[in-house]
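Inspection log for the structure reproduced underneath, given as structure tokens.
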Amino acid sequence: MRIGLRLLLAFFLVLGLALAVVLQVFVEEVKPGTRLAMEDSLVDTAQALAQLAAPDLKAGVIASGGFATAMRQLQGVNPQASLWGFSKTSVHTQVSITDAQGRVVFDTRPAAIGQDHSRWNDVARTLRGEYGARSSAVSPDDPDNTVMHVAAPIVDGPRIIGVLTVSRANRTLEPYIARSRERILGASWVLLGVTLAIGGLFTWWIARSLQRLQTYALAVARGERAQPPRLGRLSGNTEFSDLALAVEGMRLKLEDKAYVEHYVHTLTHELKSPLAAIRGAAELLQEPLPEAERQRFASNVQRQAERLQQLVERLLRLTAVEQMRQLDDVEELDLAALTRELLQGLEPRLRAQQLKVHDELGDTGRVRGNRFLLAQGLSNLLDNAIDFSPAGGQLWLKLQPEGEHLAWSVRDEGPGVPDYALGRIFERFYSLPRGDAHERSSGLGLCLVQEVSQLHGGSVSVENVAVRDGGVAGCLARWRLPAAR
């Protein structure tokens, strides 16, 4: 399981558990909280009505006095109230009054007058001077239909002469409770969705940063030229960007150390052959020799010196390219025109080997890059094609589009690359015999082309081209570069 999915599942699990607990508490507290608010208002109502009923109860006219008349008229009142979207068209509060013995002497429901309520908690506790309240079912057959009763004492000085009870059915609160639950649940689902979206975005950011770091590390491990990813755009400098910079610094130090070691080792090995030839020729030139022999050995010294000079120059160019982190002086170039310009400079060599060039480059083929580096790469590929071509051979140059890239290629009629060497021709000092079989060519030229290609986001390949009868028609070098848009 990928780390992004793990983070998302862990986030969802923690969020789900937290939301479930909070939601459970909220939903479970809606009904008790609403009933608590109703009981609080009933307490105030009972205390106020008890004060109003006291004079009629003292005078013995509680069933026919002004208080009773007002309470009976209250049952038919239409408040025409709008409570947060709910219409209230009737009064749901019932009032009951008992005497000091707990017998009902007044009730807004006439059928209850005369009943003994002395054992009900609201009346019994109030008569004892305590807070009296109860919630009872209307009928044993309907236990969910309950009524809340809150009582207040009716006093005559220090003596309790009766109890006034205010009651209201709990069912009247159900619409308010149901709407509160719906709103809580709706808000919870919205909160869950928003939080999951934020969590998903955060998880995606972490997973993407880790993936880019992984891709960069794998590219470094493969020896590719890779730029450290920029990971701090969303939140400034982060641990991920610090890690990327640390990996880049480590890579540069390791590459520099390995580069120096490999450079010194291979350079020493490559210099041995021409130096030995020069030393041998110099020793022989110190002895008396025929003029023809002296000329031959002197020519050998000059040829080996030129080889050393070419080796050093290519090494310097390759070193400069390998140390580049990004391209400078980028411009749009005509690859066909640049190739023809280089061919003009190579005209003496082409004539010396009597090579015929087939120009199939066309007139359209523009790329964006550094002119000097692209010219160096093309020049090396053309040099190799000339070096490995037999006298009187032919070269084919082509330039054709391939999707968003341009494919530049040169094909010669040389002996091709041996199968055992195809996988190593891009190594710096891997030697191959030239067309004349007297000299050997290092891989510095192709190595430079490969480095330049990576800087420009392209790729280079070399392969043998087979023709009829299973023979080898030569070698084909292809260089793919992104086309200019």
Any side-chain heavy-atom pair from Asn170 and Met38 closer than 4.5 angstrom?
yes
Closer than 4.0 angstrom, basic N to acidic O: yes or no for Glu331 and Arg371?
no
Give, for atom CD of Gln394 and atom CG of Leu355, the distance between the pair rounded to the nearest 0.5 Å.
9.5 Å
Heavy-atom pair with the smallest gap, counting every atom of Leu342 and Ala375:
CD1-O, 3.7 Å
Does Leu395 reach the side chain of Ser389, with side-chain heavy atoms less than 4.5 Å apart?
yes
Are Val357 and Leu350 packed together at the side-chain level, in the sense that at least one heavy-atom pair is separated by less than 4.5 angstrom?
yes
To the nearest 0.5 Å, tell me how far Leu343 CG sits from Leu361 CG.
7.5 Å
Applying side-chain contact (heavy atoms from CB on, under 4.5 Å) to Leu481 and Trp408, what does each step give before you reach the verdict?
CA-CA 8 Å; Leu481 293 168; Trp408 182 97; over 6 Å; no
Using side-chain heavy atoms (C-beta onward) and a distance below 4.5 Å, is Ile386 in contact with Gln353?
yes
Once rounded to the nearest 0.5 Å, what's the spacing between atom OG1 of Thr172 and atom CZ of Arg168?
4.0 Å
Check this for me: does any side-chain nitrogen of one of Glu413 and Lys356 sit under 4.0 Å from a carboxylate oxygen of the other?
no
Closest heavy-atom pair, Pro482 versus Gly457, reported as atoms and distance to 0.1 Å, is CG-O, 3.5 Å
His149 side chain reached by Glu39 side chain, heavy atoms, under 4.5 Å:
no
I'd like to know whether Leu399 forms a side-chain contact (heavy atoms from CB on, under 4.5 Å) with Thr339, so could you lay out the CA-CA distance, the side-chain angles of the two residues, the decisive distance to 0.1 Å, and finally the verdict.
CA-CA 10 Å; Leu399 183 61; Thr339 304; over 6 Å; no
Using 0.5 Å steps for rounding, measure from the CG atom of Leu382 to the CG atom of Asp387.
10.5 Å
Answer yes or no: are there more than 12 heavy-atom neighbours, outside Asp363 itself, under 6.0 Å from its atom CG?
no
Could you state the interatomic distance from CG (Leu476) to CZ (Arg478), rounded to the nearest 0.5 Å?
6.5 Å
Apply ring pair (Phe, Tyr, Trp, His ring centres under 6.0 Å) to His358 and list each qualifying residue two or more places apart in sequence or on a separate chain.
Trp396
Nearest non-hydrogen partners of Ser453 and Ser459, listed with the distance:
OG-N, 2.8 Å
Is Asp334 salt-bridged to Arg340, cutoff N-O under 4.0 Å?
no
Which distance, rounded to the nearest 0.5 Å, do you find between the CG of Leu333 and the CZ of Arg366?
7.5 Å
May I ask you to test the Cys475-Phe388 pair for a side-chain heavy-atom distance under 4.5 Å?
no
Here the pair of heavy atoms bringing Val410 nearest to Ala385 is CG2-CB, 3.8 Å
Atom CD of Gln354: over 12 foreign heavy atoms under 6.0 Å:
no
Shortest non-hydrogen pair, Ala477 vs Leu381, comes out as CB-CD2, 4.2 Å
Within the structure provided, determine whether Arg349 and Asp383 are in side-chain contact (heavy-atom separation under 4.5 Å).
yes
Heavy atoms only: give me the nearest Val367-Ala483 pair and the separation to one decimal.
CG1-CA, 4.5 Å
Under 3.5 Å, is there a donor on one side chain and an acceptor on the other for Ser409 and Trp479?
no
Glu291 atom CD, over 12 foreign heavy atoms within 6.0 Å
yes
Does Val465 reach the side chain of Arg411, with side-chain heavy atoms less than 4.5 Å apart?
yes
